[in-house]
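In this text, all values refer to a predicted model and were calculated from it rather than measured experimentally.
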Amino acid sequence: IGFPHHKYGGQGNEIVDFITMDSKGVLKCYEIKVTLQDLKSKAKKSWYGNYNYLVVSRELYNVICNNINDYIPKNVGVIVGDRLEIIKKAKRENIDNEIENMLKESIIRSMYFKMYKYKRICNKYIKKQ
C-alpha cells in the first residue's frame, strides 16, 4: 500500500494481506498470521483501515488467546479458523483523509495490476491457439 517516502512512514513497502471497501467507502484491513513466529516477527502489521483484524488459525489462537492483547492494539479485532469466526470485533477508527485516499488508490493500483496480468495471460493463451 501507499507510496515510498510518504509522510506517514513510507508505507510503499508495506503489504496489507487483505483489504476490503464496502459501498459506503468503509475500509477493512486484515493481517493474516499463520505461525507464532510470524505473529511475533518485527514485520510491520498494517492497521490502517476503519476496521482492522488479525486473522489466525484455530491452533494459533489457542496458543495466544490468554494474552492476545500482547500482540495487537485494543481496537483490532480477531478472526479465527477456516470458518472465519469473529472472536473479537474491531472498533471503528477514524482515518485521515490522506490515508483513506492512499488506501483507495492502492486498491485501484492492485486491481489494475491484476487485470493487466490476467490480460497478458489470456493473450498468450489466445496466440497459442
Side-chain angles (χ1 to χ4, degrees):
I1 62 170
F3 302 96
H5 315 299
H6 189 272
K7 77 176 188 178
Y8 288 101
Q11 293 99 323
N13 295 334
E14 288 190 41
I15 296 173
V16 171
D17 292 327
F18 192 74
I19 186 169
T20 62
M21 182 176 73
D22 67 16
S23 61
K24 295 179 182 176
V26 174
L27 295 156
K28 295 180 183 179
C29 294
Y30 303 84
E31 277 290 327
I32 302 168
K33 298 298 177 190
V34 179
T35 65
L36 184 59
Q37 183 179 7
D38 187 22
L39 182 60
K40 287 182 174 182
S41 82
K42 298 289 183 203
K44 253 188 173 173
K45 294 167 186 74
S46 302
W47 313 121
Y48 296 112
N50 298 112
Y51 294 93
N52 299 285
Y53 285 94
L54 172 67
V55 182
V56 295
S57 67
R58 174 67 57 192
E59 294 78 17
L60 180 54
Y61 180 73
N62 289 340
V63 171
I64 64 171
C65 65
N66 291 328
N67 56 348
I68 191 77
N69 291 324
D70 292 346
Y71 300 102
I72 59 172
K74 290 180 186 178
N75 60 313
V76 173
V78 179
I79 298 176
V80 174
D82 55 357
R83 294 185 188 261
L84 302 176
E85 177 185 357
I86 297 175
I87 299 294
K88 177 185 170 196
K89 283 190 170 188
K91 291 187 171 75
R92 183 176 175 97
E93 292 288 312
N94 292 319
I95 56 176
D96 183 275
N97 283 339
E98 194 171 354
I99 292 286
E100 181 180 338
N101 288 335
M102 180 182 64
L103 290 172
K104 289 176 181 179
E105 289 171 6
S106 295
I107 291 170
I108 291 167
R109 280 195 314 277
S110 293
M111 289 170 48
Y112 175 80
F113 172 75
K114 294 294 183 186
M115 182 205 60
Y116 179 76
K117 179 179 164 183
Y118 294 131
K119 184 178 177 184
R120 282 187 18 221
I121 291 169
C122 288
N123 286 343
K124 285 181 185 178
Y125 177 75
I126 291 169
K127 286 179 183 178
K128 285 182 179 180
Q129 292 184 348

Value rounded to 0.5 Å, distance of [atom1] in [X] from [atom2] in [Y]:
X    : Y    : atom1 : atom2 : value
I95  : C29  : CD1   : SG    : 7.5 Å
K114 : K117 : NZ    : NZ    : 4.5 Å
D70  : L39  : CG    : CG    : 10.0 Å

Heavy-atom pair with the smallest gap, counting every atom of W47 and Y53: CZ3-O, 3.4 Å

So which atom in S106 and which in R109 form the shortest heavy-atom distance, rounded to 0.1 Å?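 That closest heavy-atom pairing would be OG-NH2, 3.2 Å.
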
Could you check V16, T20, L27 and say which one makes a side-chain contact (heavy atoms from CB on, under 4.5 Å) with I107?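 When V16, T20, L27 are each tested with I107, the side-chain contact (heavy atoms from CB on, under 4.5 Å) holds only for L27.
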
What pairs with K104 under salt bridge (Lys or Arg N to Asp or Glu O under 4.0 Å), at least two apart in sequence or on another chain? E100

Quick check on the hydrophobic clustering: are [X] and [Y] connected, directly or via other members, by side-chain heavy-atom contacts under 4.5 Å?
X    : Y    : answer
M111 : L103 : yes
Y51  : Y48  : no
F18  : V34  : no
M102 : I19  : yes
I99  : M21  : yes

Verify side chain to side chain contact (heavy atoms under 4.5 Å, CB included) between I64 and N66, making sure each step is shown before the conclusion. CA-CA 6 Å; I64 64 171; N66 291 328; over 6 Å; no

Would you confirm whether N62, through its side chain, and E59, through its main-chain N or O, come within 3.5 Å as a donor-acceptor pair?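 Such a contact is absent between N62 side chain and E59 backbone.
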
Check whether D17 reaches the backbone of I32 with its side chain - one donor and one acceptor, N or O, closer than 3.5 Å.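 Yes; judged by distance alone, with no hydrogens or angles, the pair exists.
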
Side-chain donor/acceptor pairs under 3.5 Å, residues 71-85, sequence neighbours excluded:
{"unit_1": "N75", "atom_1": "ND2", "unit_2": "E93", "atom_2": "OE2", "d": "3.0"}
{"unit_1": "E85", "atom_1": "OE1", "unit_2": "R58", "atom_2": "NH2", "d": "2.7"}

Please collect all salt bridge (Lys or Arg N to Asp or Glu O under 4.0 Å) contacts where either partner lies in residues 22-31, sequence neighbours excluded, each pair once. E31-K33

